[in-house]
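As structure tokens, the structure follows; a few thoughts come after it.
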Amino acid sequence: MNNASVMLVFSLSGFSATFNYRTTLFSLSLLCYGLILVVNASLILTIILDRNLHEPMYIFLCFLCINGLYGTAGFHPKFIADLLSDIYVISYAACLLQIYVIYSYAMIDYSILALMAYDRYVAICRPLEYHSVMSVQRMAVLVTLSWLVPLCAEALMISLTSRLKLCGSHIQKLYCENWSVIKLACSSTAANDIVGLIFICFYCGHVLFIVSSYVKLVRSAFKSTEVRKKFTQTCVPHLLCLFNVTAALLFDIMYARYGSASVPQSVKNFMAIQFLIIPPLLNPVIYGLILTKIRKRMVFRCMIPRQRF
């Protein structure tokens, strides 16, 4: 952190395109964040309070929603506050913290989605072994690793980024992003590039694992009507969530590296923040609507206060 005394604050130029309609954006952002909190918290509480939902698939879903709340907490409060401000800056320490939360959130998402794919593979392709393979102890270890590995990996990236000597303070985004900070460096970024590439390959491995799991699941689904029904009910929402997260991240990553300067700032802003808005909002809604067991329990809990009244 030697350069912290030199680079005290960063300016966020992405807000230049929001000035004329920031009141509208503030209202929509506040509403969106409120919805994210409500839908994720509702699903988390439903799973925690209902013992019938204490199964690996629902536990993994619970942690997926917790991660959604964690990731959005690193972006939305600062973003909403900035919409009402006339100065769009962030301190050096706060910038590194925001990078840590947002990037670790994205990595944890893929780790949990990989666990959910493995769980569905065992449940459908090896049903007789399911309870022995997905024991409570193994599930606890897998969940711990799905959080611990990304958190440690991103801590390493932040450590490397904090050692860079920066020659600029102008970030062309609505929030701090690792690639944007690295581009400001006037010292060698080879270590950051190598470690970043290793992590990208590692999480591409997660995607390949998920895809290979679903290839086997699809093959099994064609063998019987019962397996096909189970696949449709429990795997379709997982695939939708995977597509949701992957598409949103690809937009952001591809633009960060290959985006054209001629693209309007408003388009840049949308491409940069959609993975912090769409997945945390839609994932619990997708699961809540498609998974019958969760939908029934949520409706039941909503009906209890009315019956008492």
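These numbers come from the heavy atoms of this one structure, side chains and all, not from hydrogens, waters or symmetry mates.
Atom CG of residue Asn192 and atom OG1 of residue Thr161 lie 4.5 Å apart, to the nearest 0.5 angstrom. Separating the CG atom in Leu184 from the CG atom in Leu164 is a distance of 10.0 Å, to the nearest 0.5 Å. Rounded to the nearest 0.5 angstrom, Leu83 CG and Thr23 OG1 are separated by 9.0 Å. From Leu61, atom CG reaches atom CG of Leu43 across 4.5 Å, with rounding to the nearest 0.5 Å. Atom-to-atom distance recorded for Gln274:CD and Leu276:CG is 9.5 Å, nearest 0.5 angstrom. For the atom pair CD1 (Ile124) and CG (Asp119), the distance works out to 9.0 Å, reported to the nearest 0.5 Å.
Between Leu151 and Ile108 the shortest side-chain heavy-atom distance falls below 4.5 Å. Counting only heavy atoms from C-beta outward, the side chains of Ile59 and Met139 approach each other to under 4.5 Å. Residues Tyr103 and Met157 are not in side-chain contact: their nearest non-hydrogen atoms beyond the backbone lie 4.5 Å or more apart. Residues Leu115 and Phe63 are not in side-chain contact: their nearest non-hydrogen atoms beyond the backbone lie 4.5 Å or more apart. Counting only heavy atoms from C-beta outward, the side chains of Trp147 and Ile112 approach each other to under 4.5 Å. Two residues are said to be in side-chain contact when any heavy atoms from C-beta on lie closer than 4.5 Å; Cys186 and Leu166 fail this criterion. At a threshold of 4.5 Å between non-hydrogen side-chain atoms, the residues Ile99 and Glu177 do not count as touching. Inter-residue side-chain proximity for Ser146 and Phe60 is flagged as unmet; no heavy-atom pair is nearer than 4.5 Å.
When atom types are taken as modelled, the side chain of Gln98 and the backbone of Cys176 share a donor-acceptor pair closer than 3.5 angstrom. Under a 3.5 Å cut-off, the side chain of Ser162 and the backbone N or O of Ser159 do form a donor-acceptor pair. The backbone N or O of Ile87 lies less than 3.5 Å from a partner atom in the side chain of Ser85, making a donor-acceptor pair. Side chain of Ser42 to main chain of Val39: no donor-acceptor pair is present (N/O by atom type, distance under 3.5 Å, no hydrogens or angles). Without hydrogens or angle criteria, His76 side chain to Ile277 main chain gives no donor-acceptor distance under 3.5 Å. Counting only distance, with no hydrogens or angles, the side chain of Thr189 and the backbone of Ala185 share no donor-acceptor pair below 3.5 Å. Listed for the Ser187 side chain is a donor-acceptor partner under 3.5 Å among the backbone atoms of Lys165. Under a 3.5 Å cut-off, the side chain of Asn40 and the backbone N or O of Pro280 do form a donor-acceptor pair. In this structure a side-chain-to-backbone donor-acceptor pair under 3.5 Å is missing from Ser91 to Val9. A distance-only check finds a donor-acceptor pair linking the side chain of Asn67 to the backbone of Tyr105 [under 3.5 Å].
Proximity of the aromatic rings of Tyr175 and Phe75 is defined here by a centroid distance below 6.0 angstrom, and this criterion is met. Phe209 has its ring centre no less than 6.0 Å from the ring centre of His206.
There is no path of hydrophobic side-chain contacts, each under 4.5 Å, that joins Val195 to Tyr203. One hydrophobic cluster holds both Ile66 and Val143 under the rule that ILVMFWY side chains link at heavy-atom gaps under 4.5 Å. The hydrophobic clustering, which links ILVMFWY residues whose side-chain heavy atoms are closer than 4.5 Å, places Val136 and Val122 apart. Neither Leu174 nor Val89 shares a network with the other; the hydrophobic side chains, linked directly or stepwise wherever heavy atoms of I, L, V, M, F, W or Y lie under 4.5 Å apart, form separate groups for each. Put simply, Val38 and Leu45 are part of two different groups of oily side chains (I, L, V, M, F, W, Y) that touch within less than 4.5 Å, one to the next.
Between the side chains of Asp50 and Tyr58, not a single donor N or O lies within less than 3.5 Å of an accepting N or O.
Residues Pro284 and Pro279 approach most closely at CD-O, 4.2 Å, considering heavy atoms. Between Cys125 and Pro127, the shortest heavy-atom distance links the atoms C-CD, 3.4 Å. Pairing each heavy atom of Ala117 with each of Tyr214, the nearest pair is CB-CE1, 3.9 Å. Closest heavy-atom contact between Tyr121 and Leu217: CA-CD2, 3.7 Å. Listed here is the closest heavy atom pair of Arg22 and Leu84: NH1-C, 4.3 Å. The two residues Leu145 and Pro150 make their nearest non-hydrogen contact at O-CD, 3.7 Å.
In this pair, Phe10 and Tyr92 present their aromatic rings parallel. The plane angle is below 30°, not in the 30 to 60° band.
With Leu12 as the fixed residue, the side-chain contact (heavy atoms from CB on, under 4.5 Å) test singles out one of Lys173, Gln172, His170, Lys78: Lys78.
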*Given side chain to side chain contact (heavy atoms under 4.5 Å, CB included), test Leu69 with Ile44 step by step and report yes or no.*
CA-CA 10 Å; Leu69 294 179; Ile44 291 168; 3.8 Å; yes
*asked:* Between Ser11 and Ile171, is the side chain to side chain contact (heavy atoms under 4.5 Å, CB included) condition met? List the steps.
replied: CA-CA 6 Å; Ser11 62; Ile171 295 177; over 6 Å; no
*Before giving the answer on side chain to side chain contact (heavy atoms under 4.5 Å, CB included), spell out for Met107 and Phe202 the whole-Å C-alpha distance, their side-chain angles and the decisive distance to 0.1 Å.*
CA-CA 10 Å; Met107 290 190 285; Phe202 180 66; over 6 Å; no
*Between Ile48 and Cys62, is a side chain to side chain contact (heavy atoms under 4.5 Å, CB included) present by the stated rule, with each step listed?*
CA-CA 8 Å; Ile48 291 175; Cys62 181; 4.2 Å; yes
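Heavy-atom contacts from other residues, nucleotides or ligands closer than 6.0 Å to NE2 of His131 number 12 or fewer. Annotation for Tyr100: atom OH counts as buried by contact number, over 12 foreign heavy atoms lying within 6.0 Å.
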